[in-house]
Amino acid sequence: MILVTGGAGYIGSHLVMALLEKGENVIVFDSLELGHIETIETLKQYGTLKFIKGNLKNLDDIRGVFMSNKDIDSVVHFAAYSQVAESVKNPQKYYYNNVYGTLNLLNAMLEFGVKKIVFSSTAATYGEPVYTPIDEKHPQNPINPYGNSKLMIERIMDDYDRAYGLKSVRLRYFNVAGADSKSRIGEWHEPETHLIPNVLKATKDKSFKMFGTDYDTVDGTCVRDYINVEDLAKAHILALEYLKNGSETNYFNLGTKTGNSVKEVFAVCEEVKGSKIPLEICPRREGDPATLVADNSKAKEELNWTPVNDLKYSVKTAFEWEKVLNK
Ligand code: UFG
């Protein structure tokens, strides 16, 4: 049995769908503060899914999950706050939820003898890039509390491995994009801050705001590595298998090794939508590095993972999902 924290959220739900379609039994633990019960209802149609509402900040909530489900053998941990700007304004929220919440999860795992975890880490743990593409040897110097909180957890996991034999795979996501290929689930944040959904949501009355056109990049806009959410889900399944095979703690970048500028993404969105999208050029958004592109060779070699879906496919699935959300 696999426990997925944050399985009602964007990325977590895509992993849960992939696990259910593989015939795995899954428990989702989610506070539903940011995740959606509708997502859980949809997922339940595709396999054996038990949903437990609870908050990682309450040790008893997560202890109870292990107490009443003794067959949990591994955990995939998504539950976290993930907005960079919010983390700068309210670091307490990020450290308390992301770090303390994870400590509670790890306490409960150790108490019940569960020693395998796949963890959602982020490119934000690298901070301002000193070279590109970024490989796993790149220094980790986060520049905001969100990235700090994720790096702290990575460090805690290393110490827990040395002391208690807890094995972890930390997956450092670059920019996750797209939705389920059958439009059953997708990206659903309130408020939405991410590029692709914001471009697709733009209307005459609420034009898309492009943050910064004076960066030192190919066309002046920020360059990011957009990794398809279903490709990302597959990497988690491979990471679970990797741990089941008795492999050691490890960490991998998940990206495509291809960078796309905000202007390029905008053009793909217009192409997929088949119409002009209202655009407003705005000043830079604070804290955005010019370029973030992953060197994904390590995940390819050691996890045997190859992303297959390109940016256009991600935008197409995101566009189809927007239609479902607007129904
Ligand atoms: N952007 C816009 N307008 C918008 C939204 C975004 O111009 O309405 C631009 C941003 O300024 C940035 C690019 O589009 O240049 C991508 O922005 P996103 O907000 O989609 O993604 P980020 O690169 O800021 O953040 C992502 C994850 C974070 C993670 C970070 C790692 O969402 O959780 O990558 O660096 F921390």
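Position 1 is the first residue of the sequence, and the numbers go up from there. When a ligand or atom number is given, it counts from 1 through the structure's own listing order.
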Inset, instruction - Measure the CD1-CD distance between Ile11 and Glu187 for me, rounded to the nearest 0.5 Å. - result: 8.0 Å

Legend entry - Pair Phe78 + His236: ring centers closer than 6.0 Å: yes

Inset, instruction - Report the residues that fulfil side-chain hydrogen bond (donor to acceptor under 3.5 Å, both in side chains) with Ser13, sequence neighbours left out, ordered by chain and then residue number. - result: none

Legend entry - For Tyr95, side-chain hydrogen bond (donor to acceptor under 3.5 Å, both in side chains) partners two or more places apart: Asn148

Inset, instruction - Keeping to residues at least two apart or across chains, list the salt bridge (Lys or Arg N to Asp or Glu O under 4.0 Å) pairs with something in residues 300-318. - result: Glu271-Lys312

Inset, instruction - List, ordered by chain and residue number, the protein residues whose closest non-hydrogen atom lies under 4.0 Å from any atom of ligand 1. - result: Ser82, Val84, Thr122, Ala124, Tyr146, Asn175, Thr193, His194, Leu195, Asn198, Phe208, Lys209, Met210, Phe211, Cys222, Arg224, Tyr226, Val262, Arg285, Asp288, Leu292

Legend entry - Exercise: identify the closest heavy-atom pair between Lys273 and Ala202: NZ-O, 3.7 Å

